[in-house]
Enquirer: 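Before I ask anything, here is the structure I am working with.
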Amino acid sequence: MKKINCLIVEDDSAFQKVASLMVEKADRRLNPIGVASTGKEAREMFNRYEIDIIFLDLHMPDMTGFELLDEIELKEDTQVILMTGDEDAAIKAFEYGVTDYLLKPFSGIRFRKAISRAIESIKKETQSGSTENIFLRKALQLSHTRNKEITPIPSRSSKLGYTYPLLSINLDYENEHTALDILESADREGLVTGEFVDYIYSCNNCYNSLLHFRESCPKCQSTYLEIEELVHHFPCAYVGPVSDFTKEDSNEIMECPKCKRILKHIGVNFDKPSVMYSCKKCDHEFQDPHIKAKCHDCGADTRVERLVKRQLKKYKLTKLGRDAAAGKYSINLKGFDELNDIINKDYFLRLLKNEIGRKKVANFDSTVAALQFANLIDLYQGIGERGQKELIIELFELVNQELQSSDAVIFGDRITMLFLFTEQEVEDAQKMLNSISERIIELIKDNFDGFELTTEEALMLIEEQKTPSFHLKQLMNSFEQVQQNG
């Protein structure tokens, strides 16, 4: 989910600080835009920024909160949370369609409850109007009015090799693969039921199914191979390539290089149980080649076991799906932004800001740290976009199991994890970081053909006089220095 922009409208300077602190601590998705002391300031800020939630005091020097709401043009998904000491305005407040009504003084628990209600309302509005939901609604309507199932049709011009005419018509070539995600999500939501048709394999980087398959050398990955049959001579048990048995003066007569007997009839005194591969690039000999698939779209060259395997299904509408097609039910698909809450540098900076604020009023040490996976890009190139997402989620869940409940971790980018070790000195944080690094290295090695992950660590004590951005910059500079020295 995207950042939720918040505006605080409050003329009491003391309560401005209280409200600002509560917003920062309530939910990491909240993004405080500013504080307005008057209705005029609030109107100007609302018109200047895309505001999602307004925390509104009813009594301001130049106008009331209700008068402000009359003057500004609220979007359908804009949430208004009133914060007031006037308990007689509740009925009028809800006539304006406010999300919640907080009577001063209110507790942090009550404030977070109001926040949760507002966020849930925003999510419903956003998701119901998302591209995926709109496309699915159109497909359901076409299926319902034409009394047709949503069926995959083979197509040479389609990215997947198949197309869903009722859905794919709204998707461009680059996004055709999302038809499978949309329909699978609709199945989970009970809007359709799917019946298995086939499996398809696609590139794990761009999801194209136009792939070129061939054998490759397990040592150097070259596809320049020579294949030769193996011969097993029964009488002396010698096994070797057919070239060992070929006589120099005759290619048709085969003689065993061990016992010198002539091989007469296959199945009687010899057989050909297998083949031997020889790499013409590195001279490596082997019997079990890697099978690779080269994508004709993006050029990615991938082991077949790392291709994306998806079920192809045909779908028919359920009762709920028919109601959605008729506009009686609001479509609200989930699961299209799984990394938004995991890769979030802005959220980490806000956590760090709060910790710096705590440190200013208390005597303790906390540590901020970063763990960078120096060669993870090399692995990413082999597992593609889908594999990257799955790995990032798995690493995030693994690390969260290792941390104390008061600590925090977030990905700053796809190769860097950021840590906040609260009330821990660098030595203790270093031990924890070493343990986490070892666990991750072991996981990668066990699951990706012995891939040797290289990690780099940076830690520093939080300095109360420095900004969150300063701390993050210092950590990143540490990595740059290591690379320059290396």
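Just so you know, residue 1 is the first one in the sequence shown, and it goes up from there.
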Enquirer: On a heavy-atom basis, which atom in Met417 and which in Phe396 lie closest, and how many Å separate them?
Expert: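 Looking at all heavy atoms of both residues, the shortest contact is CE-CA, 4.4 Å.
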Enquirer: Answer with yes or no whether the side chains of Asn208 and Tyr173 bring together a donor and an acceptor at under 3.5 Å.
Expert: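 Yes, Asn208 and Tyr173 have a side-chain donor paired with an acceptor closer than 3.5 Å.
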Enquirer: For the residue pair Leu317 and Ser143, what are the closest heavy atoms and their distance?
Expert: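 Closest approach of Leu317 to Ser143: CD1-OG, 3.1 Å.
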Enquirer: Can you list everything that forms a side chain to side chain contact (heavy atoms under 4.5 Å, CB included) with Ser155? Sequence neighbours excluded, please.
Expert: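 Ser157, Ser158, Thr163.
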Enquirer: Taking it one step at a time, do Ser185 and Glu132 satisfy side chain to side chain donor-acceptor pair (under 3.5 Å)?
Expert: CA-CA 10 Å; Ser185 184; Glu132 293 82 11; over 6 Å; no
Enquirer: Would you give the length of the straight line joining atom CD1 of Ile150 to atom OH of Tyr164, rounded to the nearest 0.5 angstrom?
Expert: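 Between Ile150 CD1 and Tyr164 OH, I get 9.0 Å after rounding to 0.5 Å.
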Enquirer: Could you measure the distance from the CG atom of Leu418 to the CZ atom of Phe348? Nearest 0.5 Å is fine.
Expert: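 Leu418 atom CG to Phe348 atom CZ measures 5.0 Å (nearest 0.5 Å).
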Enquirer: Is there a donor-acceptor contact under 3.5 Å from the side chain of Ser437 to the main chain of Leu433?
Expert: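 Not a single qualifying donor-acceptor pair exists.
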Enquirer: Could you tell me whether the side chains of Gln430 and Glu457 share a donor-acceptor contact shorter than 3.5 Å?
Expert: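 Yes, side-chain donor-acceptor contact under 3.5 Å.
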Enquirer: Looking only at heavy atoms, which two atoms of Ala300 and Cys203 are closest? And how far apart?
Expert: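 Closest pair (atom of Ala300, atom of Cys203, distance): CB-SG, 4.0 Å.
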Enquirer: Between Phe111 and Phe55, does the ring centroid distance fall short of 6.0 Å?
Expert: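 Judged by ring-centre distance (under 6.0 Å), Phe111 and Phe55 do meet the cut-off.
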Enquirer: Begin from the C-alpha positions of Leu58 and Phe66 and carry the test side-chain contact (heavy atoms from CB on, under 4.5 Å) through to its verdict.
Expert: CA-CA 7 Å; Leu58 276 182; Phe66 294 130; 3.7 Å; yes
Enquirer: Could you report the tightest heavy-atom contact between Ala186 and Leu136, atom names first, then the distance?
Expert: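 That would be CB-CD2, 3.6 Å.
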Enquirer: Check whether NZ of the Lys or CZ of the Arg Lys104 lies under 6.0 Å from the centre of the six-membered ring of Phe15 and within 45 degrees of that ring's axis.
Expert: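 So Lys104 does make the cation-pi contact.
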Enquirer: Tell me, yes or no, whether the heavy-atom count around Arg439 atom CZ, taken from other residues, nucleotides or ligands under 6.0 Å, exceeds 12.
Expert: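 Incorrect, the count does not exceed 12.
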Enquirer: Is a side-chain N or O of Asp187 found less than 3.5 angstrom from the main chain of Leu183, in a donor-acceptor match?
Expert: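 Flag not set: sc Asp187 to bb Leu183 has no pair under 3.5 Å.
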Enquirer: Assess whether a salt bridge exists between Glu24 and Lys353, defined as any Lys/Arg side-chain N lying under 4.0 Å from an Asp/Glu carboxylate O.
Expert: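 Lys353 and Glu24: salt-bridged.
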Enquirer: Using a 3.5 Å distance criterion without hydrogens, assess whether the side chain of Glu67 forms a donor-acceptor pair with backbone atoms of Thr64.
Expert: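 At least one qualifying donor-acceptor pair exists.
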Enquirer: Answer yes or no: is there a donor N or O on one side and an acceptor on the other, between the side chain of Ser435 and the main chain of Lys431, under 3.5 Å?
Expert: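 No, because the side chain of Ser435 does not come within donor-acceptor range (under 3.5 Å) of the backbone of Lys431.
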Enquirer: Hey, are the side chains of Leu398 and Leu443 touching, using non-hydrogen atoms and a 4.5 Å cut-off?
Expert: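 In contact.
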Enquirer: Looking at Ile72, I want to see if its CD1 is surrounded by more than 12 non-hydrogen atoms of other residues, nucleotides or ligands under 6.0 Å.
Expert: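 Yes.
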Enquirer: May I ask you to decide if Val9's main-chain N or O and Asp57's side chain share a donor-acceptor pair within less than 3.5 Å?
Expert: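 Not confirmed, Asp57 side chain does not pair with Val9 backbone.
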Enquirer: Drop me the distance from Leu102's CG to Leu56's CG, to the nearest 0.5 angstrom.
Expert: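 Reported to 0.5 Å precision, the distance equals 11.0 Å.
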Enquirer: Mind checking whether Phe411 and Phe373 have parallel, tilted or perpendicular rings, split at 30° and 60°?
Expert: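 Because their plane-to-plane angle lies in the 30° to 60° range, the rings of Phe411 and Phe373 count as tilted.
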Enquirer: Between atom OG of Ser405 and atom CG of Asn400, what is the distance when rounded to the nearest 0.5 Å?
Expert: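 Rounded to the nearest 0.5 Å, the OG-CG separation comes out at 11.0 Å.
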Enquirer: Are more than 12 heavy atoms from other residues, nucleotides or ligands located less than 6.0 Å from atom CG of Asn147?
Expert: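 Atom CG in Asn147 is not packed in, count stays at 12 or less.
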Enquirer: Do we see a donor-acceptor contact under 3.5 Å between the side chains of Asn434 and Glu438?
Expert: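 Note: Asn434 and Glu438 side chains miss the donor-acceptor criterion.
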Enquirer: Taking all heavy atoms of Lys159 and all of Glu176, pick out the closest pair and write down the distance.
Expert: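 The answer is N-OE1, 2.8 Å.
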Enquirer: Looking at Gln424, is its backbone amide N or carbonyl O close enough to the side chain of Thr367 to form a donor-acceptor pair, meaning the two atoms are under 3.5 Å apart?
Expert: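 At least one qualifying donor-acceptor pair exists.
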Enquirer: For Asn375, is there any backbone N or O sitting under 3.5 Å from a side-chain donor or acceptor partner on Thr454?
Expert: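 No: the side chain of Thr454 does not pair with the backbone of Asn375.
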Enquirer: In the structure I gave you, are the side-chain heavy atoms of Leu391 and Phe448 within less than 4.5 Å of one another anywhere?
Expert: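 Yes. Closest side-chain heavy atoms under 4.5 Å.
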Enquirer: Any pair with a residue in residues 312-321 that passes side chain to side chain donor-acceptor pair (under 3.5 Å), sequence neighbours left out, goes on the list, sorted by first then second residue, please.
Expert: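 Every side chain to side chain donor-acceptor pair (under 3.5 Å) pair that includes a residue of residues 312-321, provided the two are not neighbours, is Lys319-Asp323.
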Enquirer: Quick one: are Leu371 and Thr416 in side-chain contact, heavy atoms under 4.5 Å?
Expert: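 A side-chain contact under 4.5 Å is absent here.
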Enquirer: Between Glu120 and Arg117 (salt bridge meaning N to carboxylate O under 4.0 Å), is one present in this structure?
Expert: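 Answer for the salt bridge query: no.
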Enquirer: For Glu44, enumerate each residue passing the salt bridge (Lys or Arg N to Asp or Glu O under 4.0 Å) test, keeping only those at least two apart in sequence or located in another chain.
Expert: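 If we apply the salt bridge (Lys or Arg N to Asp or Glu O under 4.0 Å) test to Glu44, skipping adjacent residues, there are no hits.
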Enquirer: One pair to check against side-chain contact (heavy atoms from CB on, under 4.5 Å): Ile462 and Phe364. What are the steps and the verdict?
Expert: CA-CA 10 Å; Ile462 292 177; Phe364 62 83; over 6 Å; no
Enquirer: For residues Gln465 and Ile356, determine if any side-chain heavy atom of one lies less than 4.5 Å from a side-chain heavy atom of the other.
Expert: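 The answer is no; the side chains never approach within 4.5 Å.
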Enquirer: In Å and rounded to the nearest 0.5 Å, what is the CG to OG1 distance from Leu403 to Thr422?
Expert: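 Answer rounded to 0.5 Å: 10.0 Å.
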Enquirer: Can you measure from OG (Ser366) to CD (Glu423) and round to the nearest 0.5 angstrom?
Expert: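 If I round to the nearest 0.5 Å, the distance is 6.0 Å.
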Enquirer: Shortest non-hydrogen contact from Thr302 to Asn204?
Expert: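 Heavy atoms only, the tightest pair is CG2-ND2, 3.4 Å.
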Enquirer: Can you check side-chain contact (heavy atoms from CB on, under 4.5 Å) on Glu355 and His471, steps first, answer last?
Expert: CA-CA 12 Å; Glu355 190 66 10; His471 291 82; over 6 Å; no
Enquirer: Tell me, with the steps shown, if Glu184 and Arg310 meet salt bridge (charged side-chain N to carboxylate O under 4.0 Å, His left out).
Expert: CA-CA 10 Å; Glu184 287 175 3; Arg310 303 288 297 271; 3.1 Å; yes
Enquirer: Can Leu459 and Phe419 be said to form a side-chain contact (heavy atoms from CB on, under 4.5 Å), step by step?
Expert: CA-CA 9 Å; Leu459 303 91; Phe419 296 84; over 6 Å; no
Enquirer: Quick one: does Glu10's side chain have a donor or acceptor within less than 3.5 Å of a partner on Asp12's backbone?
Expert: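 Yes, Glu10 side chain to Asp12 backbone: donor-acceptor pair under 3.5 Å.
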Enquirer: Heavy-atom distance under 4.5 Å between the side chains of Leu461 and Val368, does that happen here?
Expert: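 Leu461 does not reach Val368 side chain to side chain.
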Enquirer: Just wondering, do Met22 and Val18 contact through their side chains at under 4.5 Å, heavy atoms?
Expert: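 Sidechains of Met22 and Val18: in contact.
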Enquirer: Quick check: does any side chain N or O of Asp11 sit under 3.5 Å from a backbone N or O of Met60, one acting as donor and the other as acceptor?
Expert: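 It does not hold such a pair.
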Enquirer: What I'd like to find out is whether the side chain of Val35 reaches to under 4.5 Å of the side chain of Ser20, using heavy atoms alone.
Expert: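 SC-SC contact between Val35 and Ser20 confirmed.
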Enquirer: For Tyr201 and Tyr199, I'd like to know if the aromatic rings sit close, meaning centre-to-centre distance below 6.0 Å.
Expert: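 Ring-ring flag for Tyr201/Tyr199: false, centres at least 6.0 Å apart.
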Enquirer: Within 45° of the ring axis of Phe470 and under 6.0 Å from its six-membered ring centre, is that where the NZ or CZ of Lys466 lies?
Expert: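 Judged by the rule, Lys466 and Phe470 form a cation-pi pair.
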Enquirer: Do Leu103 and Asp86 have side chains that get closer than 4.5 Å, going by heavy atoms?
Expert: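 Result no, sub-4.5 Å side-chain heavy-atom pair not found.
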Enquirer: Main chain of Thr178, side chain of Tyr207: is a donor-acceptor contact present, judged purely on distance under 3.5 Å?
Expert: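 No, the answer is negative, given that no donor and acceptor are paired below the 3.5 Å cut-off.
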